[in-house]
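Just so you know, ligand 1 is whichever comes first in the structure, and atom 1 is the first atom listed for that ligand. Treat the numbers as computed from the prediction; the structure is a model and nothing was measured.
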Amino acid sequence: MTTDPLRLGIAGLGTVGAGVLKMIHKNAALIGLRTGRNIIVTAVSAQSRDKDRGVDLSGFAWEDDPVALAKRNDVDVFVELMGGSDGPAKDATEAAITAGKDVVTANKAMLAIHGQSLALAAEAAGRVIRFEAAVAGGIPVVKALAEGLAGNEITRILGVMNGSCNYILTRMENAGLSYEEIFAEAEGLGYLEADPNLDVGGIDAAHKLAILASIAFGTEIDFDKVVLEGIGAVTIEDIHAAADMGYRIKLLGVAQMTGRGLEQRMTPCLVPATSPLGQLEGGTNMVILEGADCGQIALRGAGAGEGPTASAVMSDVMDLARGLRLSTFGQPANTLVKTQPATTATPAPFYLRMQLLDKPGALAKIASVMGEAGVSVDRMRQYGHDAGNAPVLIVTHKTTRTAIDQVLVDFNQTQVVDGTPVVLRIESA
Ligand code: HSE
């Protein structure tokens with residue numbers, strides 16, 4: 001095994017890139033001891049050369065073009081920290097593979113959309129793509145799945161994989177404020193991506209879920225089939241009502257292989273308030289991995305930020321320095337199978353909140369509709385009302401979304417339900 005320094009070319013010097021430079025400088029001694037080699041940066045590339053990042057770039061060659069950086073002869077590993085599914089990030093990653101470089105990236109969007117073709121290209125060229133930082137920031141969940149749990153059949157992955165959404169939802173509850181107010185606050189604090197819909201639309205978290213599902217189930221990434229719903233429609237009324245019933249609302253990702261195919265969902269769900277997921281506050285992430293032999297493993301930590309994400313990038317770089325070369329998604333890309341997406345979700349309890357007209361027999365009518373659709377009520381609560389409609393909350397026993405949709409149609413016929421009920425799935429955590 002060589003003891004020559006491992007030479008990095010880093011493209012993208014935002015929060016993560018600057019964090020990696022700082023970490024390499026600060027922890028040079030321990031990195032050298034742990035890998036048996038020095039890790040050095042030879043060249044960097046970013047949009048602006050002059051921006052103050054709190055790091056001295058004078059010792060590195062500069063490239064305006066990340067593709068040129070990726071091809072440099074003095075670069076062994078191309079570290080892609082630019083982001084974006086296409087454009088310069090993908091061009092430079094492909095150029096690096098063609099030029100015989102290994103790649104470390106934090107780019108969940110690129111992997112979720114082009115991961116299969118990039119993995120095939122890398123493996124054909126005898127190269128490696130690593131991406132611990134792409135999923136849940138500092139939490140080593142890719143390693144946990146691909147290495148720590150490699151001997152297990154994975155049965156389910158679930159978790160909170162977007163810190164900004166968890167910040168918004170928990171802050172709404174703690175401050176008693178609306179989605180719009182807390183969204184504006186989060187944006188003002190710089191907690192949201194440049195395109196906030198990547199966060200609040202659930203897209204960023206769905207990218208991460210699709211990547212984990214590929215590793216867990218040996219399937220080709222199928223981001224397009226993630227059932228996706230963001231948090232924009234979650235109201236403070238539902239957060240309070242859910243809390244009253246013992247739940248908290250989370251943007252929850254779930255992936256599981258079922259007899260009907262691969263189920264992948266990233267949607268607002270209720271989880272028990274006392275569960276580890278229910279207690280997750282602020283911008284923290286939590287991923288729960290369930291294996292047939294290992295049981296349930298819960299990983300919790302910072303899903304974003306300079307230190308946590310740089311830590312994840314460095315774990316990949318250090319693996320390469322040690323000569324550890326895993327297949328991109330835990331097994332050769334040409335052995336990953338195309339997924340059959342599940343057409344229906346696994347049955348679950350549901351939460352319904354509706355406004356009931358204050359008329360005799362109204363409650364009996366909705367109970368009758370639910371009974372006819374085979375939906376059993378577990379708990380029900382009616383709140384006080386002032387000369388208006390009665391707010392009613394129902395938690396069902398386990399049922400299907402199809403049965404719930406039938407109930408919603410039949411509610412219309414009763415003429416006692418005002419407006420469209422809110423429906424949220426309850427996930428056991
Ligand atoms: N914006 C993401 C989050 C971090 O809030 O979790 C990067 O994926």
| said: Show me which atoms of ligand 1 lie under 4.0 Å from any heavy atom of Gly163. | reply: 3 (C), 5 (O), 6 (O)

| message | With a 4.0 Å cut-off on N to O distance, would you call Lys90 and Glu94 a salt bridge? | response | yes

| task | Ignoring angles and geometry beyond distance, decide whether Gly303 reaches within less than 3.5 Å of ligand 1 through its nitrogen or oxygen atoms. | result | no

| request: Tell me which part of Asp204 gets within contact of ligand 1: side chain, backbone, both or neither, using heavy atoms under 4.0 Å. | output: side chain

| message | Show me which atoms of ligand 1 lie under 4.0 Å from any heavy atom of Lys108. | response | 7 (C), 8 (O)

| field | Close N or O approach (Asn285, ligand 1; < 3.5 Å) | value | no

| query | Going by the atom numbers of ligand 1, which of them fall below 4.0 Å from some non-hydrogen atom of Asp199? | reply | 1 (N), 2 (C), 3 (C), 5 (O)

| query | Should we say atom CD of Glu153 is surrounded by more than 12 heavy atoms from elsewhere, each under 6.0 Å from it? | reply | no

| query | Could Lys143 and Glu132 be called an ion pair, given the rule that one side-chain N must be under 4.0 Å from one carboxylate O? | reply | no

| Arg156/Glu427 ion pair, N-O < 4.0 Å | yes

| said: Please work out, at 4.0 Å between heavy atoms, whether the side chain, the backbone, both, or neither of Ala304 comes within that distance of ligand 1. | reply: side chain

| Using the ring of each side chain (for Trp, its six-membered ring), is Tyr191 parallel, tilted or perpendicular to Tyr167, with breaks at 30° and 60°? | perpendicular

| request: Rounded to the nearest 0.5 Å, what's the gap from CD on Glu80 to CG on Leu118? Could you check? | output: 10.0 Å

| For Ser164, atoms of ligand 1 separated by under 4.0 Å from a heavy atom | 1 (N), 3 (C), 5 (O)

